[in-house]
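First comes the structure, then the notes that go with it.
Numbering starts at 1 and runs along the sequence shown. Not measured: the values here are computed from a predicted model.
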Amino acid sequence: MAGLLGAPAVVVSTLAPAAAAPKEAPREASKEAPRAPVTLDDLFARLKAAKDDAEARGVAQLIERRLDRSGSDTVDLLASRAAEAMRAKDYPLAVELLDRVTVLEPGWAEGWSRRATAFYLLEDQASALADLHKTLTLEPRHFEAWAALAHIYMASDDKSRALAAFRRVEAIYPRMGKVHEAIERLAPDVDGRDL
């Protein structure tokens, strides 16, 4: 009789955890629920709010990696070949390859930005400026394009436009190296000095 009375207790005790298991499962499932992917908007917000230079550089690199993706294997291959041509200082070949990139993926801001760099290295500032403007039309937060634009304006002694471009960089990427110093150097010449 004692053995029989003990048996139901064992059955109940082994069933109790099984009955509790379904209640545990939803909590476990909620812990493992996939997070929403981090968007480019999220990354730009993190870049602007970065607490130190190291954090800002890390976020900037994530943004650059995201911008580097064209979405097309063919375009990515052409862009990598263009990068090889640039490293080899064969800028005409780089422009030719990037011409194809911009035709195949005209909505990819980075393709225009890279071609702007190649044009700049060929000392074709007008084409570089045109491509930078196209880049910024497609991605107005492209801080590298704003910085390149600022440097081209500085080289042509257009301090007003250079200052405006540096200020755009600072608004997007406040901790970008040397931008604040460039603004402080240009602002008195453009905005005037306080009395």
- prompt: Within a reach of under 6.0 Å around CG of Asp73, are more than 12 heavy atoms found that belong to other residues, nucleotides or ligands?
  reply: no

- prompt: Is the gap between the ring centers of Tyr173 and His142 under 6.0 Å?
  reply: no

- prompt: Taking it one step at a time, do Arg141 and Asp41 satisfy salt bridge (charged side-chain N to carboxylate O under 4.0 Å, His left out)?
  reply: CA-CA 10 Å; Arg141 302 165 297 183; Asp41 291 340; 2.5 Å; yes

Steps toward salt bridge (charged side-chain N to carboxylate O under 4.0 Å, His left out) verdict (Arg167, Asp191): CA-CA 13 Å; Arg167 284 180 170 155; Asp191 297 338; 2.5 Å; yes

message: How close do Leu47 and Pro174 get, counting heavy atoms only, and between which atoms?
response: O-CD, 4.1 Å

message: Using every non-hydrogen atom in the two residues, find where Val101 and Gly111 come nearest and quote the distance to one decimal.
response: CG1-CA, 4.0 Å

- prompt: Should Asp131 and Thr102 count as side-chain neighbours, where that means a heavy-atom distance under 4.5 Å?
  reply: no

- request: Show your reasoning for whether side-chain contact (heavy atoms from CB on, under 4.5 Å) applies to Tyr153 and Gln125.
  value: CA-CA 10 Å; Tyr153 287 142; Gln125 288 194 2; over 6 Å; no

task: Verify the cluster assignment for Leu149 and Leu186: are they in a single hydrophobic cluster under the rule of side-chain heavy atoms below 4.5 Å apart?
output: yes

Geometric class of the Phe44/Phe143 ring pair [parallel <30°, tilted 30-60°, perpendicular >60°]: perpendicular

message: Check for me, please, whether Val190 and Ile152 land in the same ILVMFWY cluster - side-chain distances under 4.5 Å, paths through other members count.
response: yes

- prompt: Do Trp112 and Leu67 belong together in a cluster built from hydrophobic side chains that touch within less than 4.5 Å?
  reply: no

task: Rounded to the nearest 0.5 Å, what's the gap from CD on Glu96 to CG on Asp90? Could you check?
output: 9.0 Å

- request: Identify the heavy atoms of Glu181 and Lys178 that sit nearest to each other, and give their distance.
  value: OE1-CA, 2.9 Å

task: Give the intermediate values and the outcome of side-chain contact (heavy atoms from CB on, under 4.5 Å) for residues Lys89 and Leu121.
output: CA-CA 9 Å; Lys89 298 185 185 329; Leu121 293 169; over 6 Å; no

- prompt: Between CZ of Arg65 and CZ of Arg69, what distance do you get to the nearest 0.5 Å?
  reply: 8.5 Å

message: Regarding Asp68 and Arg114, does a basic nitrogen lie under 4.0 Å from an acidic carboxylate oxygen?
response: yes

Spacing of CZ belonging to Phe166 relative to CD1 belonging to Ile183, to within rounding of 0.5 Å: 8.0 Å

statement: Between the CZ atom in Arg185 and the CE atom in Met154, the distance rounded to the nearest 0.5 Å is 5.5 Å

- request: Return the minimal non-hydrogen interatomic distance between Ala118 and Val95, and the atom names on each side.
  value: CB-CG2, 3.6 Å

message: Just verifying a value: how many Å separate Thr135 OG1 and Glu110 CD, rounded to the nearest 0.5 Å?
response: 7.5 Å

field: Minimum-distance pair of heavy atoms, taken over all atoms of Pro37 and Asp42
entry: O-OD2, 4.2 Å

- prompt: Shared ILVMFWY cluster between Leu40 and Trp146, side chains joined below 4.5 angstrom?
  reply: yes

- prompt: Given the rule that I, L, V, M, F, W and Y join up when any side-chain heavy atoms are under 4.5 Å apart, are Leu43 and Leu138 in one cluster?
  reply: no

Tyr120, OH atom: more than 12 neighbouring heavy atoms under 6.0 Å: no

message: Counting neighbours of CD on Glu184 that are heavy atoms of other residues, nucleotides or ligands and sit closer than 6.0 Å, is the number greater than 12?
response: yes

- request: Please name the pair of heavy atoms, one in Ala56 and one in Arg175, separated by the smallest distance, quoted to 0.1 Å.
  value: CB-CB, 3.8 Å

- prompt: What do you reckon, is NE2 of His180 surrounded by more than 12 foreign heavy atoms closer than 6.0 Å?
  reply: no

- request: Starting at CG of Leu98, measure out to CG of Leu104 and round the result to the nearest 0.5 Å.
  value: 11.5 Å

